[in-house]
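Here is the structure we will look at.
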Amino acid sequence: MAKTYAETGRLQIPAILAPENAEWLANALETRTPWSFAYWGDDQQPHYLPLPSVKAMPAAALQDLMKSLMDRSGEQYGFAYMNYRMITAYIAGQEPDHPLHRLTEFLNSPSFLDFACTIVGEPGVRKVDGQATLFRPGDFLCRHDDSSIPGVERIAAYTLGFTRRWRSDWGGQLAFHDDHGDVAQALVPRWNTLTLFKVPTSHSVIPVAPYAQAPRISVVGWLRKDA
């Protein structure tokens with residue numbers, strides 16, 4: 001696996017978790033996660049609206065928000081999807097018995113960090129952050145490359161998939177873009193599969209089709225070297 005990653009800059013590992021653990025986490029994501037609507041604001045910062053707040057918004061205000069978001073995303077950068085900020089919730093002690101907290105601990109355990117360091121060929125990885133994501137019809141993530149920001153040193157990005165079923169024409173693929181603007185590879189959402197790729201790498205999530213019949217669910221984040 002380390003050889004493949006070194007040669008191509010990305011790797012998929014199926015059946016990464018024991019089946020009963022994958023099922024336990026997926027059930028929590030599907031039935032008991034307090035989602036927020038995540039989007040890129042006109043202040044060039046991420047925003048998170050708890051789902052009850054979105055449902056309480058007047059229809060006209062919600063339409064204005066979505067129009068502004070779409071206009072920005074067509075010209076610059078943007079995203080829209082459901083989100084649960086795992087690290088924020090873990091540190092704050094929110095939903096203390098939520099299975100995602102156990103996943104946060106597992107991703108930052110010595111065993112997983114050693115495994116990840118071996119795969120990506122970088123012994124300095126010190127931690128793994130994470131957010132749970134759920135893409136509905138129309139949700140998207142524009143092209144970007146995850147370049148590190150001051151104080152944050154990202155070595156690799158990861159996606160841990162919990163999508164039970166998917167059709168390739170439903171969209172939602174993790175797409176990798178080449179220097180000519182073509183899609184070099186597009187990976188459909190998969191069940192219990194870990195995807196790793198180098199930072200920086202130009203990529204996006206293709207918008208989910210309006211006729212998609214299942215949610216696209218995953219945990220995503222970065223392997224990091226910063227303190």
Side-chain angles (χ1 to χ4, degrees), residues 25-101 103-104 129-147 149 152 157 159-167 169-175 186 188-189 203-222:
L25 289 164
N27 181 67
L29 287 161
E30 293 165 343
T31 64
R32 52 179 295 198
T33 298
W35 297 104
S36 294
F37 175 57
Y39 69 95
W40 189 249
D42 55 10
D43 57 357
Q44 304 300 298
Q45 296 294 323
H47 291 252
Y48 306 94
L49 290 177
L51 193 53
S53 298
V54 176
K55 292 180 177 179
M57 289 180 67
L62 184 58
Q63 290 173 357
D64 288 344
L65 171 64
M66 294 307 298
K67 182 180 186 307
S68 175
L69 170 61
M70 295 303 172
D71 289 345
R72 281 195 308 277
S73 301
E75 295 293 336
Q76 307 167 24
Y77 168 71
F79 57 78
Y81 53 81
M82 304 308 290
N83 165 279
Y84 178 76
R85 292 183 286 172
M86 291 167 52
I87 304 301
T88 299
Y90 183 88
I91 292 173
Q94 300 167 359
E95 300 84 41
D97 62 341
H98 200 291
L100 286 178
H101 295 330
L103 179 60
T104 295
D129 60 19
Q131 60 171 311
T133 67
L134 186 152
F135 282 65
R136 308 155 300 165
D139 287 348
F140 63 93
L141 173 61
C142 287
R143 187 177 62 184
H144 63 292
D145 65 8
D146 286 342
S147 294
I149 58 179
V152 176
T159 297
L160 181 55
F162 293 99
T163 301
R164 295 184 184 275
R165 66 186 182 97
W166 201 259
R167 242 173 51 178
D169 63 330
W170 288 356
Q173 290 93 343
L174 172 60
V188 298
H203 64 285
S204 66
V205 174
I206 294 174
V208 175
Y211 53 84
Q213 297 297 304
R216 179 194 189 277
I217 301 177
S218 60
V219 170
V220 304
W222 298 278

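These numbers come from the heavy atoms of this one structure, side chains and all, not from hydrogens, waters or symmetry mates.
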key: Results of side-chain contact (heavy atoms from CB on, under 4.5 Å) for R164 - residues two or more places apart only   = E23, A26, E30, W191
Output a table of donor-acceptor pairs, distance under 3.5 Å, between side-chain atoms of residues 206-221 and any protein atom two or more places apart or on a different chain; print 'none' if there are none.
from: Y211; atom 1: OH; to: D169; atom 2: O; distance (Å): 2.8
from: Q213; atom 1: NE2; to: Y211; atom 2: O; distance (Å): 2.9
from: R216; atom 1: NE; to: G172; atom 2: O; distance (Å): 2.6
from: R216; atom 1: NH2; to: G172; atom 2: O; distance (Å): 3.4
from: S218; atom 1: OG; to: T133; atom 2: OG1; distance (Å): 3.0

query = What distance separates L25 CG from F162 CZ, expressed to the nearest 0.5 Å?
reply = 4.5 Å
ask   = Can you name the residues that form a side-chain hydrogen bond (donor to acceptor under 3.5 Å, both in side chains) with R72, not counting sequence neighbours?
value = S68
Atom pair CG/CE of L100 and M86 - distance to nearest 0.5 Å = 5.0 Å
task = Test side-chain contact (heavy atoms from CB on, under 4.5 Å) on W35 and L49 and set out the steps.
result = CA-CA 9 Å; W35 297 104; L49 290 177; over 6 Å; no
inquiry  = Going by side-chain contact (heavy atoms from CB on, under 4.5 Å), name the residues that satisfy it together with E75, two or more places apart in sequence or in a different chain.
reply    = none
query = Taking only residues two or more places apart in sequence or in another chain, which ones pass side-chain hydrogen bond (donor to acceptor under 3.5 Å, both in side chains) with S204?
reply = H177
request  = May I have all residue pairs that pass salt bridge (Lys or Arg N to Asp or Glu O under 4.0 Å) and include part of residues 91-100, sequence neighbours excluded?
outcome  = R32-D97
ask   = Distance from W170 atom CH2 to T163 atom OG1, nearest 0.5 Å?
value = 10.0 Å
task = Go through the steps for R143 and H203 under the test side-chain contact (heavy atoms from CB on, under 4.5 Å), then give the verdict.
result = CA-CA 5 Å; R143 187 177 62 184; H203 64 285; over 6 Å; no
query = Once you round to the nearest 0.5 Å, how far does NE2 of H101 lie from CD1 of I87?
reply = 10.0 Å
key: Residues in side-chain hydrogen bond (donor to acceptor under 3.5 Å, both in side chains) contact with T33, at least two apart in sequence or another chain   = H98
Close side-chain approach of M82 to F37, heavy-atom, < 4.5 Å = yes
message = Is any side-chain heavy atom of L141 closer than 4.5 Å to one of L174?
response = no
query = Considering residues at least two apart in sequence or located in another chain, which fulfil the side-chain contact (heavy atoms from CB on, under 4.5 Å) criterion with A60?
reply = none
query = Who pairs with T31 by side-chain contact (heavy atoms from CB on, under 4.5 Å), at least two apart in sequence or on another chain?
reply = N27
remark   = Contacts of D71 meeting side-chain hydrogen bond (donor to acceptor under 3.5 Å, both in side chains) (sequence neighbours excluded), chain-then-number -> K67
remark   = All heavy atoms of G78 vs all of S73, minimum pair found to be CA-OG, 3.4 Å
task = Output, in order, the C-alpha distance, side-chain angles, deciding distance and verdict of side-chain contact (heavy atoms from CB on, under 4.5 Å) for D139 and L134.
result = CA-CA 9 Å; D139 287 348; L134 186 152; 5.5 Å; no
query = Is the closest side-chain heavy-atom distance between P46 and F79 below 4.5 Å?
reply = yes
task = Quick one: which residue pairs count as a ring pair (Phe, Tyr, Trp, His ring centres under 6.0 Å) with a foot in residues 45-75, not counting sequence neighbours?
result = Y39-H47
inquiry  = I need the full list of salt bridge (Lys or Arg N to Asp or Glu O under 4.0 Å) pairs touching residues 38-57, with sequence neighbours left out, sorted by first then second residue.
reply    = none
